[in-house]
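Letters A, B, ... mirror the listed sequences (proteins, then strands); counts begin at 1.
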Protein chains: 2
Amino acid sequence: MKYYLILTLKEIALLGAIENKIEISSDELANKINSSQQTASRYLLELDKKNLINREFGIKKQIIRITTEGKKILEHEYVDFERIFNLSDKIYFKGNVISGLGEGRYYTEQSSYKKQFIDKLGFKPYPGTLNVKIEYIEKNKLRLLKDNRAIIIDEFKADNRTFGSVRCFYARINDIDGAIVLPLRSHYSQILEFISPTYLREKLNLKDDDEVNITIFLKGKIED
Amino acid sequence: MKYYLILTLKEIALLGAIENKIEISSDELANKINSSQQTASRYLLELDKKNLINREFGIKKQIIRITTEGKKILEHEYVDFERIFNLSDKIYFKGNVISGLGEGRYYTEQSSYKKQFIDKLGFKPYPGTLNVKIEYIEKNKLRLLKDNRAIIIDEFKADNRTFGSVRCFYARINDIDGAIVLPLRSHYSQILEFISPTYLREKLNLKDDDEVNITIFLKGKIED
DNA sequence: ATTACTAGTAAGCGAGTAT
DNA sequence: TATACTCGCTTACTAGTAA
């Protein structure tokens, strides 16, 4: 999607063309977007061709309305900005499923961990963790998980060893709710470990390397 | 402001660069914005030059943080989208002050109008109206004023004639609160008439042709 | 009036590469 | 590893103008 088309669509939307048809000439639009009449005309042609706007021609000017498809593009932009400014309480990651070494199962089956998961997260995790390697570039967001609103799972001793404290956040992977599990003093790797009441690989039909979207909820319960 | 710079800034912000410094290479950014490494590099240079981001160079990659100025630009975009999607209850107009023919004073001084303004709008209008000619292109928004949430001032008879019903909306001109007055069956002209408790030309230091911003509140009281 | 084509010019792009 | 320069190519611009 070309940036100048988004900009133009936005300007048209600002004039009310999502709810209503608006009457506008290419020259008027040109003023709004700081271009020539010819460029505005070309943009309108492009938007029309891409089915982002509908056009009717009166005797003068044109009657324009943004299509559902056009609205979607603007909504997508809007959501981005919401994430930037409003969402200190949600973080989005994109990543790919990878296989762990099976230790996930060993840990989640430790009865003391299990008990705490039930008490503090409110669900009994399916044995094992789903490991997701987040896109390298997204690792910048990991620092947001230093957030102190984490749910703390306390350390304990069993089997003659110590199982370390773990920090959790409610999270959603694709459509399924669960939690992210972070070892207390992991130096943030690129791997996120996800637990959930159900067997995710089956439920979400996941194979290694499949792309998944993760939403982490920094505070409180999962909402909709 | 070139729109591709805004979109690039947005991508950087999505990675958390408003609150924190983030580490990113031009190549990584290139992936995010779907361009070549060279283009991403160029964009970063431009953003830096325009003081929208700060950059530090590590041994590898660069440490980036969005400046206050950069944040402002993103906020401005965000507000635009809010207007598009959230604001069925506010409409913004830009226009220029023009002189009326003095009839505004005659009408606002009619005791029955005056009484209703006090009762229904909650203030006693300064005699006269401030007339604002809205930008031609913005006239598309006028249909939003057909909205049925208007405050209706009833018609009445006096001086051997009938004074027609009038529709009002709470509104703000620059920083001053008041209301917009619309004759019931005006075929929307490009002129908005504004009333307020104070003498606006003085308070806002307005001369003919000065540009003003008008916010019309479609429902309820003026908020902040 | 207004739209949009043509054509010449300017801006933007990315492969190659120096640093 | 990186960043960012040069340069040839492509895309996008606007003035002029036909419809």
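Side-chain contact of A:N131 with A:T129: a donor-acceptor pair under 3.5 Å is present, judged by distance alone.
By the 4.0 Å N-to-carboxylate-O rule, A:K50 lies too far from A:E69 to be salt-bridged with it. Between B:D208 and B:R201 there is a salt bridge, with a side-chain nitrogen of the basic residue lying less than 4.0 Å from a carboxylate oxygen of the acidic one.
Note on A:S41: a base of the nucleic acid sits closer than 4.0 angstrom, heavy atoms only. Within 4.0 Å (heavy atoms only), B:Q62 reaches sugar-phosphate atoms of the nucleic acid but no base atom. B:L44 comes within contact range of no nucleotide atom at all, as no heavy-atom separation falls under 4.0 Å. Counting non-hydrogen atoms under 4.0 angstrom, A:T39 reaches a base of the nucleic acid.
In this structure, A:L45 places its CG atom 10 Å from P of C:dT3, rounding to the nearest Å. Between A:Q38 atom CD and C:dT6 atom P there is a gap of 14 Å when expressed in whole angstrom units. D:dA12 atom P lies 15 Å from atom NZ of B:K2, rounded to whole Å. Rounded to whole angstrom, the span from the CD atom of B:E28 across to the C1' atom of D:dA2 amounts to 11 Å. The interatomic distance linking A:E56 (CD) with C:dT2 (P) rounds to 18 Å, in whole Å. Rounded to a whole Å, the NZ atom of B:K61 is 18 Å from the C1' atom of D:dA4. Straight-line distance from the OH atom of B:Y3 to the P atom of D:dC13: 15 Å, rounded to whole Å. When the P atom of C:dG14 is taken as reference, atom OH of B:Y4 falls 12 Å away, rounded to whole Å.
Contact annotation: B:S36 side-chain N/O to C:dC13 OP1/OP2 distance is not under 4.0 Å. Side-chain nitrogen and oxygen atoms of A:Y43 include at least one within less than 4.0 Å of the OP1 or OP2 phosphate oxygen of D:dC13. Residue B:R55 places no side-chain N or O under 4.0 Å from the OP1 or OP2 atom of D:dA2. Between B:S26 and D:dT3, a side-chain N or O to OP1/OP2 separation shorter than 4.0 Å is present. Contact annotation: B:R42 side-chain N/O to C:dC13 OP1/OP2 distance is under 4.0 Å.
Between A:Y107 and A:F163, the two ring planes are perpendicular [angle over 60°; tilted spans 30° to 60°].
Both B:E46 and A:Q37 lie close to DNA chain C; mapped to their nearest nucleotides by heavy-atom distance, the more 5′-ward contact belongs to A:Q37.
Of the inter-residue distances, the one linking B:D210 atom CG with B:N205 atom CG reads 7.5 Å to the nearest 0.5 angstrom.
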